[in-house]
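Shown next, in structure tokens, is the structure this report addresses.
Numbering of ligands and ligand atoms starts at 1, following listing order. This one's a predicted model, so the numbers in the text were calculated from it and none came from an experiment.
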Amino acid sequence: MRTIVELRELTKDFGAVRAVDRVDLDVREGEVLALLGPSGCGKTTTLRLVAGFERPDAGRIVLDGEEVAGSDRFVAPERRRVGVVFQDYALFPHLTVGHNVGYGVRDRNARDARVAEMLDLVGLTGEAARLPHELSGGQQQRVAIARALAPEPALILLDEPFSNLDAALRVRVRGEVRAILCDAAATAVFVTHDQEEALSLADRIAVMRAGRVLQVDEPGTLYAHPTDRFVATFVGDADLLPGRADGDAVTTAVGRLPTTNGDLSGDVAVALRPERVSLRLDGAGQGVVRGITYFGHDQLVEVGLEDGARVRSRMGPVRAFEPGDRVSVAVTGEVIAFRVSGTLNELTPDLASE
Ligand code: ATP
């Protein structure tokens, strides 16, 4: 498959802050790639470097076979064949929907047909004469996507595309945007700090932290086989428990757990997904229920273990436990172990800071 974007050793500093740190990343033709990470990890700066709104301090960017940023080369944003959907959509308020969408289409003769085609694509057929303020947030976003796609860019970039929408609308619009990008066979990169958004929308996810890309994989692989303990806890819920690995099992406070990485020995941390953890009322159990977070369709029950560690269990909505209950903890399936040199006390601040 063709590569549309190649980032090599891409680096950007703002004064003493290294916002993007030697990032290597490929985006393949027709895929939707999410840049996922906590606030300040460099996602937006990476996007802005690709768009040409920032100049890298080192490294290079190749876009659709052409070097657009490198040691002695910098192609201006308007010459990059990149469409951008900004967080606030940035529609021209005084222009109609049709004029907004047609804005970047150079060929005057083709413009009207292209606008009509794009409005069809985003489900706004017949809305060309309206003004942006007459549209809902979700509709404005679709206009912004239509405007970005209209000039047939090689790549479309979306910066936190759903952050302006309320929670109920966000899930629906997410599905619509996914369908629009698929129908347009667009290659897209979007930035988000929301793991659910990345997991449900992207073909592949690049997880960033402190300017670096830690892992790039399909959502299922990222969730099931995180290669880094930060990825394990940032993508999906997970609790880290200290343990000692020997061969294909790890001894922990909740028993001996089989692990997928049989080559580890010594001190490790294992990542436990709450959906793999089950609890049973047991006067001689290893833990005590500390709290329950109820979500309607399910609940998370938090259990404190004797050594101070925490595990959570995700279960159906029926209330089966109360804070203070003593419970035994069982884990199904294999767990992933990460090599650590520290103790749990050194593990937890790491999580709390994200
Ligand atoms: P968020 O999700 O909060 O938008 P992000 O992952 O997109 O975060 P960036 O906006 O790329 O992160 O910022 C990365 C780092 O670079 C941060 O420490 C930020 O403060 C810094 N930074 C970004 N833009 C600038 C700028 N124009 N001037 C100075 N520092 C900047």
- Criterion side-chain contact (heavy atoms from CB on, under 4.5 Å) against Ile205, the qualifying member of Thr221, Val216, Leu199: Leu199
- Give me the one residue out of Asp57, Val20, Val68 that meets side-chain contact (heavy atoms from CB on, under 4.5 Å) with Leu49. Val20
At less than 3.5 Å, what protein N or O atoms come close to the N or O atoms of ligand 1? Include the distances to 0.1 Å.
from     : atom 1 : to    : atom 2 : distance (Å)
ligand 1 : 2 (O)  : Lys43 : NZ     : 2.9
ligand 1 : 3 (O)  : Ser39 : OG     : 2.6
ligand 1 : 6 (O)  : Gly40 : N      : 3.4
ligand 1 : 6 (O)  : Cys41 : N      : 3.0
ligand 1 : 6 (O)  : Gly42 : N      : 3.0
ligand 1 : 6 (O)  : Lys43 : N      : 3.1
ligand 1 : 6 (O)  : Lys43 : NZ     : 2.9
ligand 1 : 7 (O)  : Thr44 : N      : 2.9
ligand 1 : 7 (O)  : Thr44 : OG1    : 2.7
ligand 1 : 8 (O)  : Gly40 : N      : 2.7
ligand 1 : 11 (O) : Thr45 : N      : 2.9
ligand 1 : 11 (O) : Thr45 : OG1    : 2.5
ligand 1 : 12 (O) : Gly42 : N      : 3.2

- salt bridge (Lys or Arg N to Asp or Glu O under 4.0 Å) partners of Glu152, counting only residues at least two apart: none
- Query: With sequence neighbours excluded, what pairs up with Asp24 under the salt bridge (Lys or Arg N to Asp or Glu O under 4.0 Å) test?
  - Reply: none
- Task: Using the ring pair (Phe, Tyr, Trp, His ring centres under 6.0 Å) rule, collect all pairs that involve residues 98-154, keeping only residues at least two apart or in two chains.
- Result: Phe92-Tyr103
- Reference residue Glu66; test salt bridge (Lys or Arg N to Asp or Glu O under 4.0 Å); the match among Arg79, Arg81, Arg73, Arg80: Arg73
